[in-house]
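Below is one structure; the comments refer to it alone.
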Amino acid sequence: MKILAIESSCDETAAAVVEDGHRVLGEAVATQVDIHRKYGGVVPELASRNHVVDIVPIVEQCLADAGLTGPALDAVAVTRGPGLVGALLVGLQVAKGLAYAWDKPLIPVHHLAGHLHAVFLHRPDEPRPPGPAFPHVALAVSGGHTALYLVRAPGRATMIANTRDDAAGEAFDKVARMLGLGYPGGPVVDRMAAGGDAKAHRFTRPLFKDGSMDFSFSGLKTAVRTVIRKGEALPEGQALTDLLASFQAAVADQLIDRTVKAARRHKVRDVALVGGVAANSTLREGLRAALADRGMALHVPPRRWCTDNAAMIAGAAFAEVEGLGAHHVPADRRLNATGSWPLPA
Ligand code: KG4
Ligand code: ZN
């Protein structure tokens with residue numbers, strides 16, 4: 001089954017065709033990062049307007065990359081949320097239009113179900129990755145989300161911990177902004193923290209009295225701000241490198257600690273790490289080592305499928321359809337003659 005998916009929940013306009021939930025036949029993405037950089041974060045209205053400009057060429061480019069045309073597809077999928085409402089609407093309207101024009105079923109996909117699916121993807125010329133066994137624990141960590149999931153079966157995940165304030169990627173972006181390092185902050189901090197002394201500042205790792213595995217990053221952000229305010233000017237050179245290394249270690253330690261606890265609590269063998277922050281080298285290496293010590297394995301998708309992309313949405317759409325026990329898309333997922341979904345009975 002070949003599914004074309006569209007993803008436009010934030011600042012990436014993306015389209016991909018994925019076969020049987022794992023083989024990425026074609027993909028295209030337009031990132032708006034340069035447009036939003038000067039504002040230090042994503043400006044929702046600008047994101048929506050640029051999705052309108054980019055989306056049709058991106059779909060065309062993706063189909064050309066896959067060497068397919070609309071009639072050869074089995075279904076169209078689209079990110080239904082969560083995300084920026086105006087941005088999501090652009091993808092949704094285009095997906096609806098294509099599904100209606102080609103007379104294909106339309107599958108709405110939860111953005112996080114997409115991120116969780118990214119560990120199963122590969123290109124046709126690459127071997128299929130083994131992927132984590134079910135059930136497994138997944139840490140989804142990006143600019144918009146930081147949560148742990150217990151994934152019981154393809155397309156069936158339960159959230160077991162969430163952030164109580166900022167997302168980890170947001171913390172990276174805010175700290176980078178305080179230090180005048182530009183946007184997005186994660187990649188810059190990751191690069192600059194190398195060679196720093198992670199013990200230079202003793203930032204505390206939050207623990208909740210109720211034993212919850214939830215995350216919190218706002219206290220850490222305030223602690224970094226306090227260090228900056230103590231100085232006469234913004235830190236530079238080794239002082240800056242040490243501050244970034246200490247901050248990054250505090251974020252990574254918290255993520256690793258909770259993820260390992262969750263994996264042990266739920267007695268799983270495999271753990272998945274997904275989302276934009278999965279690109280962070282300290283987090284990847286630290287989590288891999290902590291899990292290996294306990295006989296558990298880490299699964300991380302390649303970088304292009306860690307950040308927002310449409311291949312993960314197409315893959316998750318297939319998993320959802322399979323999870324419903326059908327090799328075809330059920331009738332209640334098909335558009336009716338007015339181009340809207342039939343109301344559930
Ligand atoms: O998944 P993503 O592309 O978009 C969202 O859905 O948010 O993630 C973007 C986030 C940004 O906050 C960015 O700073 C962070 O991922 N990020 C990183 C790294 N690369 C990207 N954070 C830490 N280390 C990195 N290497
Ligand atoms: Zn995302």
Side-chain angles (χ1 to χ4, degrees), residues 1 3 5 7 9 12 14 16-25 27 29 77 79 109-161 168-169 252 255-256 258-260 262-263 266-281 283-292 294-323:
M1 180 184 272
I3 299 180
E7 151 67 41
S9 65
E12 253 99 40
V17 179
V18 176
E19 189 174 25
D20 296 342
H22 61 94
R23 207 173 301 110
V24 183
L25 301 180
E27 58 186 330
V29 56
T79 305
V109 176
H110 193 283
H111 182 74
L112 266 300
H115 274 300
L116 298 183
H117 193 86
V119 277
F120 299 105
L121 301 172
H122 67 104
R123 289 194 171 147
D125 57 352
E126 296 166 342
R128 186 175 181 176
F134 295 100
H136 63 265
V137 161
L139 171 65
V141 66
S142 75
H145 9 259
T146 297
L148 281 165
Y149 293 84
L150 181 64
V151 189
R152 296 173 201 278
R156 294 196 45 207
T158 313
M159 191 194 275
I160 51 176
L255 293 169
I256 294 167
R258 305 289 207 272
T259 307
V260 170
H266 292 279
K267 300 187 173 57
V268 300
R269 186 169 49 82
D270 287 336
V271 171
L273 171 63
V274 298
V277 183
N280 188 270
S281 37
L283 173 62
R284 286 168 94 114
E285 284 150 30
L287 185 55
R288 197 180 294 284
L291 291 169
R294 293 163 179 89
M296 295 184 270
L298 181 67
H299 300 255
V300 195
R303 202 162 292 212
R304 63 182 177 280
W305 296 324
C306 281
T307 52
D308 288 347
N309 65 88
M312 67 183 193
I313 302 299
F318 178 80
E320 187 169 324
V321 172
E322 283 280 282

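In this text, all values refer to a predicted model and were calculated from it rather than measured experimentally. Just the heavy atoms: all of them, side chains too, but no hydrogens, waters or symmetry mates, feed the values below. Numbers here are sequence positions counted from 1.
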Residues 127-146 side chain polar contacts: donor-acceptor under 3.5 Å, at least two apart:
residue	atom	partner	partner atom	Å
R128	NH1	H22	NE2	3.4
H136	ND1	A133	O	3.0
S142	OG	G144	N	3.2
S142	OG	H145	N	3.3
S142	OG	H145	NE2	3.1
T146	OG1	A168	N	2.7

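- You'll find the side chain of V274 stays beyond 4.5 Å of the side chain of H299, heavy atoms only.
- With rounding to the nearest 0.5 angstrom, the CE atom of M159 is 13.0 Å from the CG atom of L150.
- The two residues G155 and A319 make their nearest non-hydrogen contact at N-CB, 4.1 Å.
- The environment of R152 atom CZ is sparse: at most 12 non-hydrogen atoms of other residues, nucleotides or ligands sit within 6.0 angstrom.
- Counting heavy atoms from C-beta outward, H122 and V24 have side chains that stay 4.5 Å or more apart.
- Within the 4.5 Å cutoff, side-chain heavy atoms of R304 are placed close to those of E27.
- Annotation: side chain of L287 is in contact with side chain of T259 (closest heavy-atom distance under 4.5 Å).
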Applying side chain to side chain contact (heavy atoms under 4.5 Å, CB included) to V277 and L283, what does each step give before you reach the verdict?
CA-CA 8 Å; V277 183; L283 173 62; 4.2 Å; yes
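- Counting only N and O atoms by type, the side chains of H111 and E7 include a donor and acceptor under 3.5 Å apart.
- Qualifying salt bridge (charged side-chain N to carboxylate O under 4.0 Å, His left out) partners for R288, counting only residues two or more places apart in sequence or in other chains: none.
- Side-chain contact between T79 and I313 is present, with heavy atoms from C-beta onward closer than 4.5 Å.
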Kindly determine whether D308 and S9 satisfy side chain to side chain contact (heavy atoms under 4.5 Å, CB included), including the steps that lead there.
CA-CA 8 Å; D308 288 347; S9 65; 4.2 Å; yes
F318/D20 under side chain to side chain contact (heavy atoms under 4.5 Å, CB included): CA gap, chis, key distance, verdict:
CA-CA 6 Å; F318 178 80; D20 296 342; 4.1 Å; yes
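- Here the closest heavy-atom approach between residue V119 and residue L116 is recorded as CG2-O, 3.5 Å.
- What you find for A279 and R284 is that their closest heavy atoms are CA-NH1, 3.7 Å.
- Scanning all heavy atoms of the two residues, the minimum distance from V271 to A263 falls at CG2-CB, 3.8 Å.
- Of the possible donor and acceptor atoms, none in the side chain of H266 sits under 3.5 Å from a partner among the backbone N and O of V268.
- In plain terms, the two heavy atoms of R258 and L148 that are nearest each other are O-CD1, 3.7 Å.
- Closest non-hydrogen pair, L25 versus P124, comes out as CD2-CG, 4.1 Å.
- Around the CZ atom of R269, the shell of radius 6.0 Å holds no more than 12 heavy atoms that belong to other residues, nucleotides or ligands.
- Contact check for T307 versus V29: no side-chain heavy atoms found under the 4.5 Å cut-off.
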Hey, mind stepping through M312 and W305 against side chain to side chain contact (heavy atoms under 4.5 Å, CB included) and telling me if it holds?
CA-CA 7 Å; M312 67 183 193; W305 296 324; 5.8 Å; no
